[in-house]
Amino acid sequence: MPQQQQQRRMFTAALLALVFILAAVSTTEAGKKEKPEKKAKKSDCGEWQWSVCVPTNGDCGLGTREGTRTGAECKQTTKTQKCKIPCNWKKQFGAECKYQFQAWGECDLNTALKTRTGNLKRALHNADCQKTVTISKPCGKLTKPKPQGKFHLLKVA
């Protein structure tokens with residue numbers, strides 16, 4: 001009998017341990033379920049509208065832009081964001097517009113200018129950029145063809 005009592009005690013201890021483990025897991029599971037899930041915020045705030053990037057010094061490099069949005073319940077309607085204008089971009093077409101340019105064309109002898117066209121490659125922060133742009137520059141020194149051979153003097157009789 002003592003062996004049978006010992007087996008019963010072990011069975012009871014195992015059963016209690018199992019109940020304890022199940023209770024612990026159940027409490028953990030319940031704790032997870034009780035946490036409120038993040039609700040999707042319903043907001044009447046509009047989309048952010050950003051100004052152009054204004055460089056801190058010069059016409060390129062680090063700067064800031066202002067953002068605004070509308071909405072009666074919005075906690076934040078304006079904010080400032082850091083930005084950067086690449087220094088190797090053509091500023092005459094907008095500091096936030098990057099173009100891929102074709103090769104320079106032939107020199108127009110009437111205007112002494114040569115031109116090339118650029119197609120929009122990238123616009124930073126949804127900037128309003130032209131799809132294609134054309135630039136011109138002076139042709140440089142125009143060289144007149146030199147006559148070949150030696151000059152001959154003509155005698156007038």
Side-chain angles (χ1 to χ4, degrees), residues 4-143:
Q4 204 174 24
Q5 284 181 344
Q6 189 177 7
Q7 287 177 346
R8 278 188 196 161
R9 285 182 189 155
M10 287 180 60
F11 178 75
T12 305
L15 187 60
L16 283 174
L18 181 63
V19 168
F20 177 74
I21 291 172
L22 288 175
V25 169
S26 175
T27 304
T28 304
E29 292 287 325
K32 287 182 183 176
K33 290 179 184 175
E34 288 175 13
K35 289 184 181 177
E37 292 181 23
K38 289 186 179 180
K39 294 180 182 177
K41 290 184 180 180
K42 290 185 179 179
S43 175
D44 67 342
C45 296
E47 293 290 320
W48 285 102
Q49 301 295 317
W50 295 98
S51 68
V52 296
C53 185
V54 178
T56 306
N57 294 318
D59 62 352
C60 64
L62 296 176
T64 57
R65 71 174 65 254
E66 299 294 321
T68 59
R69 66 178 175 177
T70 58
E73 303 274 328
C74 291
K75 291 182 180 178
Q76 187 177 17
T77 56
T78 61
K79 66 180 176 179
T80 302
Q81 183 182 66
K82 291 181 181 179
C83 58
K84 183 178 180 182
I85 297 175
C87 290
N88 61 342
W89 288 22
K90 302 279 186 205
K91 311 301 182 295
Q92 70 192 67
F93 305 117
E96 297 177 332
C97 305
K98 175 83 172 178
Y99 293 92
Q100 179 70 47
F101 285 92
Q102 300 170 350
W104 287 103
E106 294 294 320
C107 183
D108 181 350
L109 296 177
N110 294 329
T111 61
L113 296 173
K114 55 184 173 180
T115 60
R116 68 178 177 171
T117 304
N119 296 318
L120 182 63
K121 184 176 179 182
R122 185 172 154 206
L124 293 178
H125 303 288
N126 300 322
D128 186 22
C129 301
Q130 299 175 43
K131 297 289 180 196
T132 59
V133 292
T134 303
I135 58 173
S136 300
K137 75 175 185 177
C139 296
K141 283 190 174 182
L142 294 177
T143 56

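By convention here, the first residue in the shown sequence is residue 1.
- Note that the CH2 atom of Trp48 and the CZ atom of Arg65 stand 13.0 Å from one another [nearest 0.5 Å].
- Between atom SG of residue Cys60 and atom NZ of residue Lys84 there is a gap of 9.0 Å, rounded to the nearest 0.5 Å.
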Apply side chain to side chain contact (heavy atoms under 4.5 Å, CB included) to the pair Leu120 and Gln130, showing each step before the final yes or no. CA-CA 7 Å; Leu120 182 63; Gln130 299 175 43; over 6 Å; no
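- Atom NZ of residue Lys82 and atom SG of residue Cys53 lie 12.0 Å apart, to the nearest 0.5 angstrom.
- No donor-acceptor pair under 3.5 Å is formed between the side chain of Arg116 and the backbone N or O of Ala103.
- In this structure, CD in Gln102 is found 9.5 Å from CD in Gln100, a value given to the nearest 0.5 Å.
- Judged by distance alone, the side chain of Thr70 and the main-chain N or O of Gly46 form no donor-acceptor pair under 3.5 Å.
- The CZ atom of Arg122 sits 11.0 Å away from the SG atom of Cys129 when rounded to the nearest 0.5 Å.
- The distance from the OG1 atom of Thr132 to the CZ atom of Phe101 is 10.0 Å, given to the nearest 0.5 Å.
- Without hydrogens or angle criteria, Ser51 side chain to Glu66 main chain gives a donor-acceptor distance under 3.5 Å.
- Residues Thr117 and Tyr99 fail the side-chain proximity criterion, which asks for heavy atoms closer than 4.5 Å.
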Without placing hydrogens or testing angles, list every side-chain donor-acceptor pair under 3.5 Å for residues 104-114, not counting sequence neighbours.
unit_1: Asp108; atom_1: OD1; unit_2: Asn110; atom_2: N; d: 3.0
unit_1: Asp108; atom_1: OD2; unit_2: Thr111; atom_2: OG1; d: 3.4
unit_1: Thr111; atom_1: OG1; unit_2: Leu113; atom_2: N; d: 3.4

